[in-house]
Q: 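This is the structure I want to talk about, given as structure tokens.
Here is the naming used below: chain letters follow the sequence lines, and residue numbers restart at 1 for every chain.
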Amino acid sequence: MDEILEQLNDSQREAVVYNEGPSLVIAGAGSGKTRVLTYKIAYLLKNGISPYNILALTFTNKAAREMKSRIARLVDEDTARRLWMGTFHSIFSRILRREADKFGYKSNFTIYDAQDSKNLIKSIIKELALDDKIYKPASVQARISQAKNAIITPEQYLSDRELIADDNNNRRERTGQIYSIYWNRCRAAGAMDFDDLLLYIYLLFKNNAEVLERYRNQFRFILVDEYQDTNSVQHEIVRQLAEEHHRVCVVGDDAQSIYSFRGANIGNILNFRKTFPETKLFKLERNYRSTKTIVNAANSLIKKNEEQIPKTIYSENAAGEKIKVISAYSDFEEGYNVAARIAEMRMLEKYDYKDFAILYRTNAQSRIFEESLRKINIPYRIYGGLSFYQRKEVKDVVAYMRMVVNPNDEEAFKRIINYPARGIGDTTVGKITAAATTHEVSLWTVISEPLKYNLPVNAGTAAKLKKFHDLISRFISGDETQNAYETGGAIIRETGMLTDLYNDKTPEGLSRVQNVEELLNSLYEFVSTRMEQGIAEIRLVDFLAEISLLTDQDTEKDEASSRVTMMTVHAAKGLEFKNVFVVGLEENLFPSERSRDSFREIEEERRLFYVAITRAEENVVLTYAKNRFRNGKSDSCHPSRFIGNIDPEYLNMPNNQWVENTPQINRTPQPQPRTEQYVNPRKITQIERSKNEVSRESIGNLSVGTIIIHERFGRGKVLALTGENENARASVEFESFGTRQLLLKFAKYEVVK
DNA sequence: GGCCGGGGCATTTTT
DNA sequence: TGCCCCGGCC
């Protein structure tokens, strides 16, 4: 016991040993939050609390997995395994499967991912003959999700004046109806979306006193990680479970709340003490990760936010370097600067590539850095993009599995009814859907008994449907005797998917085959580990239950390999790197344009920036460009207000600072329309060939020796001038890009002197 | 059923 | 600019 407590600092220890009532642990960035959580659980276990009585909720599988293995090291493997520790969604789906009959579901329910639910919403909008320009599936989906996160059922939605008024104002008066249909369709399909996993738990506890009582008795200690990211339902569920014994410990950092757009409610953590008035507050204020400079800079930044729990984060590490701010003339040059700086730091200070991260506000920014890094052969890895389970070929196979486990699954049905092609087109599917809606049954039920449901199809189509029905039925009965891996194999062989994929010899086709193989491999691994554990029945339903809650974050990346990491700031939360480049620090990008008019959203953007800076252990570099190519055109931009939010004593501003203050310099003689001002280098070379070679001392405001700043190439010196009027050209030697020919008609530059 | 091209569009996304 | 979605066409 003592050895556990010895490894903690005073404030960590205080938080760990207090378990008699509600507690709120405010854990600053890098302050050992995970340590407190894991040690607290280990402490409880060593005090004789059964793992069965501890509920520990996280947001990511990764976090749960890491904590589990750390606890296993502190206590033992077996005890750690028996903890009720996992994501909100996975723990709750486990309970929901167990209690499914209490709310009219079966324990084999499928989980719709975001794409599934969007597709279903899309079809409902279509079926209602609504205009999908007005009822944009994504917006409707967001609206439904918000409702569920705020504990509003369709019934409540339809009688909520405020929501109705809101929808009416937006000319989307039928949103409530869509929600209601969506709700019922999910039920008919035996499917739940991610939000349902929370909402149904809440409803289950609310409507079944004896069930709630059972879980209250079981979960005698409740711990929640990242509390600043919880939404209203999650908060209410915690309240439901902890209401009697109040042994609940929530851990988080209000300064790192960056997911409000997904329903996270920062009020949950700010006002936790209102929910549980006798809450003890613990603050972990010592940052172990970063230099003093970084911590102080981050403090000075976050001080500008009004809504927060007061705290003083400090570091006992070295002072470290100032935060370097690098200004660039273009996004293009920004990319060059970052790549060059990484190469330089690696050479001079013996850093490894994996010690660097480039963090940006939007995924679209990644491309330019990819190019600049590739140009000088710096290996990199981009996080984000399509995850394994979102790839078409993987989703196809999974859809068959879903049909086997739950043939009522509407989205799986629609996905595979005609894949591989079997001549069942949209018209037929439309008829099936219509019949299903009329009779309030699933699509599968309709094709099981087409005559009973008056399905208006000709004999040929009916035969095709029967063949499909037989195929799935065969898998279903096979699944009763086989293990999951055998069923999986049967699916890819007997549907013809494997042949279909093998026939494609393109590189993409090859990678599709590999992905399907990888899926089968993971199924094999799933089955064999369970067999080793002596579990006799390993069913597909268990495999699906597991993978439907996995994400990209969970597919292992070889973190050992040395590469520069690129990702959005959101994706970087919880990670740390020696050196962090936060790029694109411009108004309307970071903070994003959309948050411009909202105080709350600006504060969230500032927290996002805070998260970015506090990822760094040793160095932070901030960059911005004065011109950026965005949405097909070049825009001039201003440095982000957030740079100015940092106390200047921690900043190392660019030595060409004066550039920002120079009001306006001579533009190109005749300003061109924006689209024409952007000239790609290839075009320039073509123009070059049709030249006349008259050398000149000066043209317009340019002379040999003039220093200019070009929109994309940056600072440079005019070496020679030739031609006249339309053909006037300058040969310019740029500091970063060597000598370039500019056709003055198009070139966008400013004269410095 | 698959391919092509025009039009619209364009944050962040732990589950 | 570049991607995605849809509709039209073979």
Q: Once you round it to whole Å, what is the distance between C1' of B:dT14 and OH of A:Tyr389?
A: 17 Å
Q: Name all residues meeting the side-chain contact (heavy atoms from CB on, under 4.5 Å) criterion together with A:Arg594; count only those two or more places apart in sequence or in a different chain, and write none if there are none.
A: A:Ser592
Q: Can you tell whether the side chains of A:Lys148 and A:Asp193 come within less than 4.0 Å, N to carboxylate O?
A: yes
Q: With rounding to whole Å, what would you report as the distance between B:dT12 and C:dC5 at their P atoms?
A: 15 Å
Q: How many Å lie between CD on A:Gln115 and P on B:dT13, as a whole number?
A: 16 Å
Q: With sequence neighbours left out, what residues match A:Asp113 under salt bridge (Lys or Arg N to Asp or Glu O under 4.0 Å)?
A: A:Lys395
Q: State which residues pass salt bridge (Lys or Arg N to Asp or Glu O under 4.0 Å) with A:Glu603; sequence neighbours excluded, sorted by chain then number.
A: none
Q: Between P on B:dT13 and CD on A:Gln390, what's the gap in Å once rounded to a whole number?
A: 11 Å
Q: Donor-acceptor pairs under 3.5 angstrom involving side-chain atoms of residues 258-265 of chain A: please list them, not counting sequence neighbours.
A:
residue  : atom : partner  : partner atom : Å
A:Ser260 : OG   : A:Glu604 : OE1          : 2.8
A:Ser260 : OG   : A:Glu604 : OE2          : 3.2
A:Asn265 : OD1  : A:Gly267 : N            : 2.9

Q: Give A:Gly423 one of three labels, base, sugar-phosphate or nothing, depending on what nucleic acid heavy atoms sit under 4.0 Å from its own.
A: sugar-phosphate
Q: On a plain distance test, is the side chain of A:Arg262 in donor-acceptor contact with the base of B:dT15 below 3.5 Å?
A: yes
Q: Rounded to the nearest Å, what distance is computed from the CG atom of residue A:Leu57 to the P atom of nucleotide B:dT15?
A: 14 Å
Q: Send over the distance from A:Arg630 CZ to C:dC3 C1', rounded to a whole Å.
A: 17 Å
Q: For DNA chain B, whose closest nucleotide is more 5', that of A:Asn418 or that of A:Phe194?
A: A:Asn418
Q: Tell me: NZ of A:Lys118 to P of B:dT13, nearest whole Å?
A: 14 Å
Q: Determine, for A:Phe109 and A:Arg97, whether the Lys NZ or Arg CZ falls below 6.0 Å from the six-membered ring centre while staying within 45 degrees of the axis.
A: yes
Q: Would you tabulate the pairs of protein nitrogen or oxygen atoms and nucleotide nitrogen or oxygen atoms of nucleotides 2-12 of chain B closer than 3.5 angstrom?
A:
residue : atom : partner  : partner atom : Å
B:dT12  : OP1  : A:Asn363 : N            : 3.1
B:dT12  : OP1  : A:Asn363 : ND2          : 3.4
B:dT12  : O4'  : A:Arg361 : NH1          : 3.0
B:dT12  : O2   : A:Arg361 : NH2          : 2.8

Q: Under the salt bridge (Lys or Arg N to Asp or Glu O under 4.0 Å) rule, collect the residues that match up with A:Arg361, sequence neighbours excluded.
A: A:Glu605
Q: Nearest whole Å is fine: how far is B:dG1 C1' from A:Asp500 CG?
A: 12 Å
Q: Rounded to whole angstrom, note down the C1' distance from C:dC3 over to B:dT14.
A: 26 Å
Q: Please work out if A:Arg607 contacts a base, only the sugar-phosphate, or nothing of the nucleic acid, heavy-atom cut-off 4.0 Å.
A: nothing
Q: To the nearest angstrom, how far is A:Leu96 atom CG from B:dT15 atom P?
A: 18 Å
Q: Under 4.0 Å between a side-chain N/O of A:Lys122 and OP1 or OP2 of C:dC6, yes or no?
A: yes
